[in-house]
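Every value quoted in this text rests on a predicted model; they were computed, and no experiment measured them. Each chain gets a letter, A, B and so on, in the order its sequence line appears, and its residues count up from 1.
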Amino acid sequence: MFRRLLVTSALPYANGPIHIGHLVEYIQTDVWVRFQKLRGNDCRYMCADDTHGTAIMIRARQEGRREEDLIADMQAAHERDFADFDVEFDNYGSTHSDENRQLCGEFWAAIRQAGLVKEQAVEQLYDPQAGTFLADRFVRGGCPKCGAKDQPGDNCSACGHHYTPIDLVDPVSTLSGAKPEVRSAAHLFIELEQLHGFLAEWTQSGDHLQPEIANYLQGHFLGEPLRDWDVSRPAPYFGFEIPDSPGNYWYVWFDAPIGYIASTQQWCRRTGAALADWWKSADCEVHHFIGKDITYFHTLFWPGMLKTAGFSLPTKVHIHGFLTVGGEKMSKTKGTFIRARTYLDRLDPSYLRYFYATKLTSRVDDLDLSIDEFVAKVNADLVNKLVNLASRTAKFVEKTGLSARYPDDGGLFAAAAAAGDEIAAAYEACDYNKAMRLVMALADRANAYVEENKPWELRKDSSQAARLQDVCTAALNLFRQLAVYLAPVLPKLARQTGALLNDPITRWEQSQAPLAGTPVARFTHMLKRVEEKDLYAMIEDSKQEAAAANAAASTPAAAVAQASPGGASSVQPVAAAQAAPEDRWNDGGDALAAEPLAPECTIDDFAKVDLRVARVVAAEEVPEARKLLKLKLSLGGGVYKQVFAGIKAHYEPQQLVGRLVVCVANLAPRTMKFGVSEGMVVAAGGGNEAFLLTPDAGAQPGHRLH
RNA sequence: GGUCCGGUAGCUCAGCGGUUAGAGCAGGGGACUCAUAAUCCCUUGGUCGCAGGUUCGAAUCCUGCCCGGACUACCA
């Protein structure tokens, strides 16, 4: 009984190249799809580039070309990267397609018809110079609550307060530097709350979601009314104009998931299939693979849209975690933000496919790539034990081929065949880690078999020729069996094995019956050992790319250099060539890039902030606070200030007592949960870092910084 | 602060109520030489985070605590 399956991965955004973090998902999905196809199921893998939105519009503008040209180049680069990683789609489309526009219209009409759309005015900041409304991330300004300067548009990094960009004090557009103005525009909203009952039922029943995700939705969203979803954006916007609402465009997250269906539509037109058989049929399962960051869209909005428009609901949304490298978030400075192309320039894609497979389970956990583990797993498992099976026996039967009948192997082949069901179940459940463990246990037994039967001794005695052929027949069949089991993960190895034994691997059942009496081709190397130095070289490449990209970004004229995504990786970037000759330190530009310079200010602006040298005279932990230390600062002369500083993670209270720091002495007092904070200790660093500043010797508490 | 997940050999993990707790890798010893310094055999190594409880019996179930991670933040 074969199944029909429609499978998707999230659509990569056309604003940047594919990196190894993306590949967790595409490899996970590709393995699953290849597994289903190998099992004989009618399975199709659909994907597309996600092309709409403000970010694309802005970038195209910066690069001085049409959005269509930008997204075409990016899509070509994406498709090359996927193909080179053996990620094989049945169709790879674009959200900027006629099919998608038409389907968006169909969804929209149904949602209108169902009475889910309402119109409401939204006040938003507008950049008169750039001529566009500003999304949160394109505005910075002062926090309306604590007064911290140069904060992002949605929440304050100093006090954590949430607000809308309109609340910002002295907002500035990061696009043009202009002062934005508040403008009102009518937006269209979908009243998701009307679907509350359906969504509560759907998310909590059946096996549509991993248990932790169902639980998360229940706790985070379904316990209260669902908020209206703003699905329109006023012009100018790169996207599709809403037919019954001229001047308004569908928000990118409205048309992106519909792109799954649009891509299927393209495939149907090409192959003569009927879309309804795949998206409106109870006989077809729909499986989405996504990262945990877009859970919300795929588990609430998307099912709501599908339900309303009469399309199939997802059979399952498979959600995975993020990639970390060496236990840390990917970092451009550290060279661990590795592009697919940068990897391909140094390493074999099979390594990464296998490594990810050994790390992936059905849970949402993040997954870590450590260099040592990568090298150990690939070399020990793939080369030492797996490929070694073929490489140590194939040449003994190159002239004779396999024995006419499969010999007695002590039940090894039968036992490994019997393990097939358990391996298949592990693949089906996305527990690739388990599947890999099961396969490698079989490889161990096969090597022991070769060891016990010593083909290298048999070949010395011509009377043992038949025995030699039998032993190698068994060993190569055991190898082939594993190649079948691993074919979803290692398609290249499957192809090589098919060529070696003159029998292409196309079906899972090939693992259940041995080959006999067939010719054996000349053995050629199947997989090189990974060398640690290549990984380090790759990381070095990534650092250089990041440095070059930073340098390019800081000179407007160089923006064009980034415009050729395909060519970017093949050109060896000259790292920070622009560094001044006397600058032998050549510091990286990551910090500056992460937090660009604030708009110009006057000396008077600066004078408003009274920075003083202060001595920490007391420091204690605030047990209930996760980040805060309570400090008592002396400005000398008996003047003290109580300050709560968010540096608990970085400093021990005792080590602070007695030292000098710099504080903002005239900051308005603020009542916090644990008491009043009368100032602020300044520290360098972004994100999770904090480095206190110490004045040179001679500075006294109370000295002002000028 | 809350929610969820995890804490088992040096490392990555399996086991999730029942014989003396396992695998791979790493370490030690030996064998072999067909093979990409591969393979095979033997071996060192763990009061299964801590403390209680349930049970004839707990790594496995319950409670509390500690630690790590993810998510989220006047809050389910």
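- Nucleotides G27(B) and U44(B) place their C1' atoms 8 Å apart, quoted to the nearest Å.
- For residues 363-376 of chain A, the set of pairs meeting the side chain to side chain donor-acceptor pair (under 3.5 Å) definition, not counting sequence neighbours, comprises Lys292(A)-Asp366(A), Thr324(A)-Asp368(A), Lys359(A)-Glu373(A), Glu373(A)-Lys377(A).
- Inspection of the Ser403(A) and Asp470(A) side chains reveals an N or O donor paired with an N or O acceptor under 3.5 Å.
- Among the protein residues, Asn388(A) comes within range of the nucleic acid bases, having at least one heavy atom under 4.0 Å from a base atom.
- Here the separation of A9(B) from C5(B), taken at their C1' atoms, is 23 Å to the nearest Å.
- Considering only residues two or more places apart in sequence or on other chains, Trp302(A) meets the side chain to side chain donor-acceptor pair (under 3.5 Å) condition with His288(A).
- Between Arg392(A) and Glu451(A), at least one side-chain N (NZ, or NE/NH1/NH2) sits under 4.0 Å from a carboxylate O, which counts as a salt bridge.
- Residue-environment remark: NZ (Lys528(A)) stays at or below the threshold of 12 foreign heavy atoms within 6.0 Å.
- Using a 4.5 Å heavy-atom cutoff, the side chains of Trp508(A) and Ile423(A) are in contact.
- Residues that satisfy the ring-ring contact (aromatic ring centres under 6.0 Å, His included) test with Phe396(A), not counting sequence neighbours, are absent from this structure.
- For Tyr406(A), the ring-ring contact (aromatic ring centres under 6.0 Å, His included) criterion is met by Phe413(A), not counting sequence neighbours.
- Using a 3.5 Å distance cut-off with no hydrogens or angles, the side chains of Asp381(A) and Tyr354(A) do pair a donor with an acceptor.
- Between Met440(A) atom CE and U12(B) atom C1' there is a gap of 14 Å when expressed in whole angstrom units.
- No engagement by Lys434(A) is indicated, since no non-hydrogen atom pair under 4.0 Å with the nucleic acid exists.
- Residue contacts for Asp372(A): at a heavy-atom cut-off of 4.0 Å it reaches no nucleic acid atom on any strand shown.
- With C1' as the reference atom, G7(B) and C13(B) are 13 Å apart, rounded to whole Å.
- Remark: P of C75(B) and OH of Tyr216(A) are 17 Å apart, rounded to the nearest angstrom.
- Residue contacts for Val387(A): at a heavy-atom cut-off of 4.0 Å it reaches a base atom on one of the strands shown.
- Using a 4.0 Å cut-off on heavy atoms, the residues of residues 454-474 of chain A that approach RNA chain B are Trp456(A), Arg459(A), listed by number.
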Inset, instruction - For RNA chain B, just give me the dot-bracket, please: Watson-Crick or G-U, both distances below 3.5 Å, ( ) intra-strand, [ ] crossing earlier pairs, | paired with another strand, . unpaired. - result: ((((((((.[[[[.)..(...]]]].(((((.......))))).....[[[[[..)....]]]]])))))))....
